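Worksheet for the structure shown next.
Note that the coordinates shown come from a computational prediction; the quantities given were computed from them, not determined experimentally. The residues of the chain are indexed from 1 along the displayed sequence.
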Amino acid sequence: MIRTTWTLSQKTARILRAWLPTNVLRDAIYTRRGLKWGRTGDVFADPYLYAAAMCRELIEAGGPGWLHLLVILCIWNTFKMLWIGPVSLAKLIRVRFQEQAARRHRVDARPVAPSQGLSEPSIQR
């Protein structure tokens with residue numbers, strides 16, 4: 001029973017990750033090339049918050065009850081978009097440190113050619 005639930009949740013997560021707009025945006029930002037655009041995820045939080053407020057207004061005006069689900073979904077996506085900024089910044093800092101360490105390691109490991117003055121001196125008589 002637990003194995004079946006786990007398998008279904010993994011398949012569902014894979015489908016949702018591939019098709020939902022916030023997940024597609026998050027995956028694009030979390031690539032190395034997209035990390036610098038992480039702070040723009042905050043801009044996408046505003047429309048979701050506005051949509052949640054509009055749905056709430058419709059509910060209070062006598063709208064259908066299923067709009068509560070949209071309110072929850074919009075608020076969840078708002079928090080997800082707000083969270084993308086700080087996480088991408090932390091990942092960018094970590095990646096930059098790793099790249100700097102790799103560059104330093106490559107420079108230190110470079111072999112020195114004998115023509116650079118490190119050959120043994122010749123003894124002249």
What closest approach, in Å, do [X] and [Y] show between heavy atoms, and which atom pair accounts for it?
X   : Y   : result
C74 : Y48 : CB-O, 3.4 Å
S88 : L35 : O-CD2, 3.8 Å
F44 : L25 : CD1-CD2, 3.5 Å
W83 : Y30 : O-OH, 4.5 Å
L92 : K36 : CD2-CA, 4.4 Å
D42 : R39 : OD2-NH2, 2.9 Å

So how far is it from [X] [atom1] to [Y] [atom2], rounded to the nearest 0.5 Å?
X   : Y   : atom1 : atom2 : result
L67 : L58 : CG    : CG    : 6.0 Å
R32 : Q98 : CZ    : CD    : 10.0 Å
L89 : K91 : CG    : NZ    : 12.5 Å
N23 : I15 : CG    : CD1   : 12.5 Å
W76 : I72 : CH2   : CD1   : 11.5 Å

Single-linkage hydrophobic cluster L70~I59, side-chain heavy atoms < 4.5 angstrom: yes
Pairing residues for R94 by the salt bridge (charged side-chain N to carboxylate O under 4.0 Å, His left out) criterion, not counting sequence neighbours: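 In terms of salt bridge (charged side-chain N to carboxylate O under 4.0 Å, His left out), with neighbours along the sequence ignored, R94 is linked to no residue.
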With A45 via side-chain contact (heavy atoms from CB on, under 4.5 Å) - residues at least two apart: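 For A45 the side-chain contact (heavy atoms from CB on, under 4.5 Å) partners, ignoring immediate neighbours, are T78, M81, L82.
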Identified side-chain contact (heavy atoms from CB on, under 4.5 Å) partner of I75 from the options N77, V71, L73: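 Single pass found, and it is V71.
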Trace of the side chain to side chain contact (heavy atoms under 4.5 Å, CB included) decision for Q100 with R96: CA-CA 6 Å; Q100 185 180 17; R96 292 246 174 114; over 6 Å; no
Residue pairs passing the side chain to side chain donor-acceptor pair (under 3.5 Å) test where at least one lies in residues 57-68, sequence neighbours excluded: R56-E60
